[in-house]
Amino acid sequence: MPKVALEALYASKEAFLATLAPIYEKSPWVAERAYASAPFASVTALAAAMKDVVAAATDAEVVALLRAHPDLAGRAALAGELTAESTVEQQRAGLGSLTPGELAEFRRLNAAYREAFGWPFILAVRNASKRVIFAALERRMAGDLMEERAEALVQVHKI
């Protein structure tokens, strides 16, 4: 996302939403609700307001937010349908160059994770290697639903 001066976000609600609605994957309601707290003293305060919106969301909204995320190295990635930022991050992490065996294992783990928790495995992959991603996926499969929901939200906020 291009850098924008904080003050420029307040030119209008439309400007605010055009810039910030894409931050939370297919969940513009986060930016829409955060706008009610504008203006923000800093980017940190803006980020905190958006986190607060998610924390105050209904259970159904949180689950929908988690489900809006694409699978790592999934169909959307292979079809070139991810955002430019997601594509670059997944490629840097080595997910664009998985061997056929690694891809099959990743798909199996992704499917098992989705079956267990009801949403895709979410991890902020910036600065992660495919080995780190595989290990995180396997480790997090052992968590219970509420632990994993909390961890998935931590990752959403990092993204």
So which atom in [X] and which in [Y] form the shortest heavy-atom distance, rounded to 0.1 Å?
X	Y	value
Glu147	Gly143	OE1-CA, 3.5 Å
Ala124	Lys158	CB-CB, 3.7 Å
Ala15	Ser12	N-OG, 2.9 Å
Ala21	Pro28	CB-CB, 3.8 Å
Leu123	Ala136	CD2-CB, 4.2 Å

Report the residues that fulfil salt bridge (Lys or Arg N to Asp or Glu O under 4.0 Å) with [X], sequence neighbours left out, ordered by chain and then residue number.
X	value
Glu61	Arg33
Arg114	Asp71
Asp59	Arg149

If Ile, Leu, Val, Met, Phe, Trp and Tyr residues are connected whenever their side-chain heavy atoms lie under 4.5 Å apart, and connections chain through other members, are [X] and [Y] in the same group?
X	Y	value
Val63	Val156	no
Met146	Trp119	no
Tyr113	Val132	no
Ile122	Met141	yes

Nearest-0.5 Å distance that lies between atom [atom1] in [X] and atom [atom2] in [Y]:
X	Y	atom1	atom2	value
Leu109	Arg107	CG	CZ	13.0 Å
Leu66	Glu25	CG	CD	11.5 Å
Asn110	Glu105	CG	CD	10.5 Å
Leu95	Ile133	CG	CD1	4.0 Å
Glu148	Gln155	CD	CD	8.5 Å

**OP:** Sorted by first residue and then second, give each ring pair (Phe, Tyr, Trp, His ring centres under 6.0 Å) pair with at least one member in residues 29-69; sequence neighbours left out.
**Re:** Phe16-Tyr35
**OP:** Scan for ring pair (Phe, Tyr, Trp, His ring centres under 6.0 Å) pairs involving residues 122-146, sequence neighbours excluded, and state none if there are none.
**Re:** Phe106-Phe134
Original post:
Quick one: are Ile23 and Val30 in side-chain contact, heavy atoms under 4.5 Å?
Top reply: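 No - every pair of side-chain heavy atoms lies 4.5 Å or more apart.
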Side chains of residues 41-57: which donor-acceptor partners sit under 3.5 Å, not counting sequence neighbours?
{"unit_1": "Ser42", "atom_1": "OG", "unit_2": "Thr44", "atom_2": "N", "d": "3.4"}
{"unit_1": "Ser42", "atom_1": "OG", "unit_2": "Ala45", "atom_2": "N", "d": "3.0"}

**OP:** Give a yes or no on this: more than 12 heavy atoms of other residues, nucleotides or ligands lie within 6.0 Å of atom CG of Asp144.
**Re:**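 More than 12 within 6.0 Å, yes.
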